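First up is the structure itself, then whatever we jot down about it.
Just so it is clear, the model here is predicted, and its values are computed rather than measured. Residue numbering restarts at 1 for every chain, and letters A, B, ... go by the order of the sequence lines.
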2 protein chains.
Amino acid sequence: MSRTSRKVEILHAASKIVSQKGIFNLTLEAVALEAGISKGGLLYHFPSKEELVKGMVEHLANNYREKIAGNASMDPVEKGKWIRAYVDVTFNQVYANKDMHSGLLAAKAVNSDLLDPIRELYTEWQSSIEDDGIDPVKATIIRLATDGIWLAELFDIYHIGDEKKDMVYKTLKEWVDE
Amino acid sequence: MSRTSRKVEILHAASKIVSQKGIFNLTLEAVALEAGISKGGLLYHFPSKEELVKGMVEHLANNYREKIAGNASMDPVEKGKWIRAYVDVTFNQVYANKDMHSGLLAAKAVNSDLLDPIRELYTEWQSSIEDDGIDPVKATIIRLATDGIWLAELFDIYHIGDEKKDMVYKTLKEWVDE
DNA sequence: AAAAATATACCGTCCAGATGGTATAGTTAA
DNA sequence: TTAACTATACCATCTGGACGGTATATTTTT
């Protein structure tokens, strides 16, 4: 247990650095400092920077997958449960999204192959969503719009206001049930 | 003329490096090599790496703005012309999109403030789109879905197939005219 | 018009500092 | 005692960018 939790602590420290100071400041020393550990200790857990980023991506991919699957499995209505889960989780889980932001940025910068777990996630979700009993094009557009919100937030290029965000959220959910 | 075109050549070289080799390989030496210039010559045109990235962002922001404005101004129908222009340009201008990708990634990595011109772009577009004679929530969702496509492509996390992309495109444009 | 001065557009080298990673010695817990 | 974990010292490499030059075009002065 101690091993696992230490690792997770380190991953959180790494995420924090990426989101607050940018990818270029994701140095081993900075991560060690933020995690309250020595550089040697950090390298004991993650033998290279690439392994560290790989760990970030895998961790967040697993979390996200579980969260969406859990949400879908608790939905009383079968039709459209996956797209509803995707929309709900993505709109409302702000904290998890920030992890996603950091992981994506770090992986894209360090080595694009590290994004594979996320690609798998998306492939899974896309097929669940298309096989969800509602019009697949409409479902895809709903998913894309949801992605548009969090990806624009990731880059800080456009932050939708709270009221407008709410209206978009409601409209998208209505479309699922139409 | 020679000054301007040299600068643009350098910016293209920088974009190419970012898109092909990632942000960590955007070094002054690599850009100089790709642009067929010496490091000293590069630094003559862009006195620091930050200035180089700033140049990338400003260049692509201006190009994009002109392209969308041009498209909107040539639309015979007033109602919905901005959202139509946004959808058309974003779906169809693949080359310009790649520049956008590189510029965003570089700016986000080097210094978030460099993204300001892109933020302005989005603010302008958003207000044009909302003041375009069609339901603003619907228009916003159409824009978000469009963003979702190119931002997912930016990260290589999800590439929509051509036929599906076409169907999404058609559906979005129908919604504009409904 | 000739000479002098200045500006523009480059080039290649050098270096301090930062960084990823190794080696190694020490500590704690089972 | 052993395995899990931590801390420190160290090294080789890379990078931004400062710097000193060169060549050519343009302007100013005489």
B/S/- contact track for nucleotides 13-30 of chain C, protein heavy atom under 4.0 Å: ------SBBB--------

Quick one: [X] [atom1] to [N] [atom2], roughly how many Å, whole number?
| X | N | atom1 | atom2 | result |
| --- | --- | --- | --- | --- |
| Tyr44(B) | dT22(D) | OH | P | 18 Å |
| Lys7(B) | dC10(C) | NZ | C1' | 14 Å |
| Glu9(A) | dC5(D) | CD | C1' | 13 Å |
| Leu52(B) | dG17(D) | CG | C1' | 13 Å |
| Glu51(B) | dG16(D) | CD | C1' | 14 Å |

Shortest non-hydrogen contact from Leu115(A) toward Phe155(B): CD1-O, 3.3 Å

Side-chain donor-acceptor contact under 3.5 Å, Glu153(A) with Asn97(A): no

Distance-only polar pair, side chains of Asn71(A) and Tyr86(A), donor-acceptor under 3.5 Å: no

side-chain hydrogen bond (donor to acceptor under 3.5 Å, both in side chains) involving Arg84(B) - partner list, sequence neighbours excluded: Asp75(B), Asp177(B)

Less than 4.0 angstrom between a side-chain N/O of [X] and OP1 or OP2 of [N], yes or no?
| X | N | result |
| --- | --- | --- |
| His45(B) | dC10(C) | yes |
| Ser38(B) | dC11(C) | yes |
| Arg6(B) | dC10(C) | yes |

Ring geometry between His12(A) and His59(A) (parallel below 30°, tilted from 30 to 60°, perpendicular above 60°): perpendicular

Sugar-phosphate only, base, or nothing, as touched by Leu42(B) at under 4.0 Å among non-hydrogen atoms: nothing

Short side-chain to backbone donor-acceptor contact, Thr90(A) and Val87(A), under 3.5 Å: no

